[in-house]
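See structure below.
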Amino acid sequence: MSEEQRNDEWDSLWQEYSKSLENWKTLFEQIQTASNDMQSKFDAVWKKATVESSAETMKLFGENWQKAMNEAGIKSFKDFSENWQKSLNDANIATFKQFAENWQRILSSSGLEQMQAYGEMMKQFAETWKTMWPKSH
């Protein structure tokens, strides 16, 4: 294999990798935007519910939500259920609001941080690759 063919292969791999990385970054940004929008909408709904609903209505809502999550097999259901029960024991609007804020923060932060860390790691891989195997290798 000639030097030119090897360089062409490296260039081709680099271009393919760079394109994949850009696709991933675009998708990550879309997920962040969608997550932020979803959280904003959730916060608006939760605020409206706590202002316009009685503690009994909130309790019934929570029971139905727990049932739906249990039926869907959501793994974080146990933590959700325990935190929800704690808020029901107090049964006031401020407690329901605090529950929603804590629950959203816990569920949304961990996955995005992991994705962001992965993307940063892969970006560093690309930059290291570029310095280790330059075109004129």
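Bear in mind that the values here come from a model prediction, so they are computed numbers and not experimental data.
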Margin query: Applying a strict under-4.5 Å side-chain criterion to I, L, V, M, F, W and Y, I'd like to know whether Met38 and Val45 cluster together.
Written below: no
Check: Could you state the interatomic distance from CG (Asn7) to OG (Ser12), rounded to the nearest 0.5 Å?
Finding: 12.5 Å
Margin query: Regarding Gln39 and Ser35, do their side chains bring together a donor and an acceptor under 3.5 Å, going by distance alone?
Written below: no
Notebook entry, point to check: In Å and rounded to the nearest 0.5 Å, what is the CH2 to CZ distance from Trp46 to Phe61?
Noted result: 5.0 Å
Note to self: The criterion is side-chain contact (heavy atoms from CB on, under 4.5 Å); which residues satisfy it with Glu52, sequence neighbours excluded?
What the structure shows: Lys48
Notebook entry, point to check: Hey, are Lys41 and Asp37 close enough for a salt bridge, meaning a charged N less than 4.0 Å from a carboxylate O?
Noted result: yes
Next item on the list: Looking only at non-hydrogen atoms, find the nearest pair between Met58 and Ala49 and report the distance.
Entry: SD-O, 3.9 Å
Check: With Glu22, which residues qualify under side-chain contact (heavy atoms from CB on, under 4.5 Å), at least two apart?
Finding: Lys25
Next item on the list: Calculate, to the nearest 0.5 Å, the distance between atoms CG and CZ belonging to Asp11 and Arg6 respectively.
Entry: 13.0 Å
Item checked: Presence of salt bridge, Lys19 and Glu16, under 4.0 angstrom -> no
Check: Counting N and O atoms only, with roles assigned by atom type, does the side chain of Glu29 sit under 3.5 Å from a partner on the main chain of Thr26, one being a donor and the other an acceptor?
Finding: no
Note to self: Any side-chain to backbone donor/acceptor pair from Thr57 onto Ser53? Under 3.5 Å, distance only.
What the structure shows: no
